[in-house]
Protein chains: 2
Amino acid sequence: MTPYYEENTKHYIAVDCIIFGFDEGELKILLHKRNFEPEKGKWSLIGGFLQDNESIDFAARRILQQYSGLSNLFMEQLYTFGEVERDPGERVISVTFYALIRIEEYNNQLKRETSAQWWPISRKPTLIFDHDKMVVKALERLKIRAKNQPIGFELLPRKFSVPRLQSLYEAIYQRNLDKRNFRKKILSMNLLQKLEEKDKGVSKKGAFLYQFDKRKYSKLVEKGFHFEL
Amino acid sequence: MTPYYEENTKHYIAVDCIIFGFDEGELKILLHKRNFEPEKGKWSLIGGFLQDNESIDFAARRILQQYSGLSNLFMEQLYTFGEVERDPGERVISVTFYALIRIEEYNNQLKRETSAQWWPISRKPTLIFDHDKMVVKALERLKIRAKNQPIGFELLPRKFSVPRLQSLYEAIYQRNLDKRNFRKKILSMNLLQKLEEKDKGVSKKGAFLYQFDKRKYSKLVEKGFHFEL
DNA sequence: CCAAAAGTGTTGACCGTACACCCATGA
DNA sequence: TCATGGGTGTACGGTCAACACTTTTGG
């Protein structure tokens, strides 16, 4: 079109997603086996190429939908990796996103690519290219966000008990929390709606279930409230 | 090379930089007049296109060097903007960086592109494309970083007084700080080395100059210290 | 009846914030 | 001598962290 642009070179752009889930008290990520060269058969993040006529955000949602079968996932752009030799096949710039999935919804969902598999963060295989770096960056961001925004709820079932929420935060921060202090703090925010039901799956006594009240949160934010855990 | 890559399309990639300076008690950004169509003659961030054989970081440093005449600036990748129609000329993905400059070093430096001009943030012109959004994002990031990392010193002369440092933080946070509390906190970190000299430029009494001790900071960080202001 | 998880309050330490006066000096 | 900015200490309130026992119930 305009000559000025044409003096420059174009590049492939990939979108890679770090997809987190929480299950059995552990943080997990969804990986898949790469099905083309180079590094075919190795474990990789979930990704794809940016197409014409789609924004980067759209591409990320498309890829997430395709691999998880779920839409409207929590998702945030992370960082763009642009080393010249990061992909030995061709020069590819990768824009990364991290996303949060409720694993039980994923398990109930069948319409999806099936070569993907959940791996506990602590025991995941080595990944191709610079994907391990991407995971490190995603974990850093997840820690920060979990502290300042109520995103933990995106990883738990809609109904959850306080002890379950606490174990999620323990998995994210990689340290134990005091249960009295934790409960005091989270309940004092008035963001959790107590239900009559109990979760009897973990203990004999059973723990009361709660729901995150998104509307209440939005209203508080408008008034200057700042989530912090 | 591999057929798989070739099924996908390539894109122009731009690097745009939000360059901050601090002068006369105000935060400023460096802008320049765009010299090609579309939007020729309008104010724009400083940027350029990613070339073959350079990493994105390298491209950002190249562009910063070209427009400021300075190298080794503090610089951090911010966000990647990828809406389809963000640049009406051609589809261009923009990877943004923000950078911090000591304005007095910039002023002493002559070997540079000269169409650039400093604008106070509060009175800057409307920028082309989505560049105003980029500035907003850079300001958000700057606030967070200034709080958690000792980056303020990148915007001040090597030797500075405590009141000057305070006024920088006031400009970044957009609110007034208590001078006793500010001084107490910053000095209690033991990161500032007091000099014998005074800055007589602002007050008649003169304010003692300090230097940021980068080595001390690195050592403290190794021991788990976390900067916070 | 006992093992295992749920649930509950208090205290001391520390940190953030608010606040007012004297000092040094150039004009 | 006076206007201007530099420099100093204390007290209060709120938040964070540490800590131990009782309750419930399935097996």
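Heavy-atom basis, side chains included; hydrogens, waters and symmetry copies ignored.
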On the ring face of Tyr173(B), is Lys147(B) found with NZ or CZ under 6.0 Å from the centre and within 45° of the axis? yes

Atom pair distance, as rounded to whole Å: CG in Asn176(A) and P in dA5(C): 14 Å

Leu165(B) CG to dG7(D) P, in whole Å, measures 12 Å

Contact string for nucleotides 17-27 of chain D, one letter per nucleotide 5' to 3', B = base within protein heavy-atom range under 4.0 Å, S = sugar-phosphate only, - = neither, reads BBBB--BBBB-

Using 0.5 Å steps for rounding, measure from the CE atom of Met189(B) to the OH atom of Tyr217(B). 9.5 Å

Rounded to the Å, how far apart are Lys194(A) NZ and dG7(C) P? 7 Å

May I ask you to say whether Glu154(B) pairs ionically with Lys214(B), meaning some side-chain N is under 4.0 Å from a carboxylate O? yes

Could you give the CD-to-P distance, from Glu228(A) to dG16(C), as a whole number of Å? 12 Å

Ile186(B) CD1 to dC15(C) P, in whole Å, measures 16 Å

Nearest whole Å is fine: how far is dG9(D) P from Leu187(B) CG? 12 Å

Begin from the C-alpha positions of Glu228(B) and Lys185(B) and carry the test salt bridge (Lys or Arg N to Asp or Glu O under 4.0 Å) through to its verdict. CA-CA 9 Å; Glu228(B) 177 144 3; Lys185(B) 195 158 180 186; 5.9 Å; no

Does Glu105(A) come within less than 4.0 Å of Arg102(A), counting only side-chain N to carboxylate O? yes

Is the gap between the ring centers of Phe153(A) and Phe160(A) under 6.0 Å? yes

At less than 4.0 Å, is any side-chain N or O atom of Arg183(A) found next to OP1 or OP2 of dA6(C)? Yes or no. no

In whole angstroms, the gap separating C1' of dA6(C) from CZ of Phe182(A) amounts to 14 Å

Asp199(B) atom CG is separated from dA24(C) atom C1', nearest whole Å, by 15 Å

